[in-house]
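Structure first, commentary second.
Small disclaimer: the values here were computed from a predicted structure and weren't measured.
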Amino acid sequence: MSKHFFGDTAALLGRSLRHITRSVDTIVTTAIMPIAMMLMFVYVFGGAINTGSVSYVNYLLPGILLITVASGIAYTAFRLFMDMKGGIFERFQSMPIARSSVLWAHVLTSLVANLISLVVVVLVALLMGFRSGAGVPAWLAVAGMLILFTLALTWLAVIAGLSAKSVDGASAFSYPLIFLPFLSSAFVPTDTMPGPLRVFAEHQPVTSIVNAIRDLFTQQPVGTDIWIALAWCVGILIVAYVFAMNTYRRKIS
């Protein structure tokens, strides 16, 4: 059964990736907004924000990477919604394939597309002066955390894609996720925020993830942030996966 599942997922993944290659503009669009925000904050607002001895582009990049993922998963919800409305799911149900492979193909496609967008954003950040002395283990840890974060948000996108009543509804769920980094340590230190907002910012998932990635880039001790970040990512991933699979079963039953 596992071999059947992996083979079906690989075949459907190839189908989804071909759709991506035919519309490269989706990846470009995903990367353009975070890059534009990075340019604006670094060159317009960066001089007015005190981040100590850390250059603002170095301080900002972890949050921009999370925004890149949050904007990218909107396309996952959109593609899933279009497949649902186009009758592709019904066609797949009539074929001898593993049912869950349909969802996993969309999830893995999202992972590939978002990783490409993240690489593009990092390359632009390097052109803007981003530098890190982090070694290979630290970069691998950052990549692993971004992969976990992408998978967690992608399964949330699956729920939205399966549940939405319109194309706009399928994509709109990502807007709060894009906004969340603004209420975190992604753009400014949380100690500059007023009391209630500071409490929220310091205890929401984006702050711990941003702080862990930032410490890895700057070769600082990550402390408890990395464990809190991993707990958030894994927790969201598990809950979103369970709800997505339940929603999918209801849709195809």
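When atom types are taken as modelled, the side chain of Thr207 and the backbone of Ala201 share a donor-acceptor pair closer than 3.5 angstrom. Side chain of Gln204 to main chain of Leu183: a donor-acceptor pair is present (N/O by atom type, distance under 3.5 Å, no hydrogens or angles). For the pair Ser110 (side chain) and His106 (backbone), a donor-acceptor distance under 3.5 Å is absent. Arg214 places no side-chain N or O within 3.5 Å of a backbone atom of Leu60 that could act as its donor or acceptor partner. With hydrogens and angles disregarded, a donor-acceptor distance shorter than 3.5 Å links the side chain of Ser117 to the backbone of Ala113.
Note that CG of Leu111 is 10.5 Å distant from CG of Leu146, once rounded to the nearest 0.5 Å. Once rounded to the nearest 0.5 Å, the distance linking OG of Ser71 with CD1 of Ile64 reads 9.5 Å. Here CZ of Phe78 is found 12.5 Å from OG of Ser174. Values are rounded to the nearest 0.5 Å. Interatomic distance, CG of Leu65 versus CE of Met145, reported as 12.0 Å (0.5 Å rounding). We find the CD1-OG1 distance between Ile35 and Thr68 to be 7.5 Å, quoted to the nearest 0.5 Å. Considering CG of Leu162 and CZ of Arg250, their distance stands at 9.5 Å, rounded to 0.5 Å.
In this structure the side chain of Ile49 never reaches within 4.5 angstrom of the side chain of Thr192, judged on heavy atoms. Taking the side chain as every heavy atom from C-beta outward, Leu80 and Leu103 approach each other to under 4.5 Å.
Under the ring pair (Phe, Tyr, Trp, His ring centres under 6.0 Å) criterion, the residue pairs touching residues 42-67 are Phe41-Phe45, with sequence neighbours excluded.
Annotation for Phe182: atom CZ counts as buried by contact number, over 12 foreign heavy atoms lying within 6.0 Å. Around atom CH2 of Trp227, no more than 12 heavy atoms belonging to other residues, nucleotides or ligands sit under 6.0 Å away.
Between the side chains of Thr190 and Glu202, at least one donor-acceptor pair of N or O atoms lies under 3.5 Å. A donor atom on one side chain and an acceptor atom on the other are not found under 3.5 Å apart for Ser208 and Asn211.
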Please assess Ile67 against Met33 for the test side-chain contact (heavy atoms from CB on, under 4.5 Å), listing each intermediate value before the final yes or no. CA-CA 9 Å; Ile67 289 176; Met33 186 189 72; 3.9 Å; yes
side-chain contact (heavy atoms from CB on, under 4.5 Å) assessment of Thr154 paired with Leu108: CA-CA 9 Å; Thr154 299; Leu108 294 177; over 6 Å; no
For a side-chain contact (heavy atoms from CB on, under 4.5 Å) check, start with the C-alpha distance between Asn114 and Ile73, then their side-chain angles and the critical distance, and finish with the verdict. CA-CA 8 Å; Asn114 277 291; Ile73 59 166; 4.1 Å; yes
Can you check side-chain contact (heavy atoms from CB on, under 4.5 Å) on Val199 and Met193, steps first, answer last? CA-CA 9 Å; Val199 171; Met193 300 177 182; over 6 Å; no
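Taken together through direct or relayed side-chain contacts under 4.5 Å among Ile, Leu, Val, Met, Phe, Trp and Tyr, Phe179 and Leu153 form part of one hydrophobic cluster. Cluster annotation: Val222 is not connected to Leu140 through the hydrophobic network of ILVMFWY side chains, with a link wherever side-chain heavy atoms come within less than 4.5 Å.
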Run the side-chain donor-acceptor check on residues 127-136: report pairs under 3.5 Å with partners two or more places apart or on a different chain.
| unit_1 | atom_1 | unit_2 | atom_2 | d |
| --- | --- | --- | --- | --- |
| Arg131 | NH1 | Leu126 | O | 2.9 |
| Ser132 | OG | Ala134 | N | 3.1 |
| Ser132 | OG | Phe217 | O | 2.6 |

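Taking every heavy atom of both residues into account, Leu61 and Ala125 meet most closely at CD1-CB, 3.8 Å. When all heavy atoms of Leu216 and Ala138 are compared, the closest pair comes out as O-CB, 3.8 Å. Between Asn246 and Arg249, the shortest heavy-atom distance links the atoms OD1-NH1, 3.2 Å. Among all heavy-atom pairs drawn from Ala77 and Ala157, the shortest one is CB-O, 3.5 Å. The heavy-atom pair separating Ala186 from Val210 by the smallest distance is CA-CG1, 4.0 Å.
Note on ring orientation: taking the six-membered ring where Trp is involved, the planes of Trp155 and Tyr241 are perpendicular (angle over 60°, cut-offs 30° and 60°).
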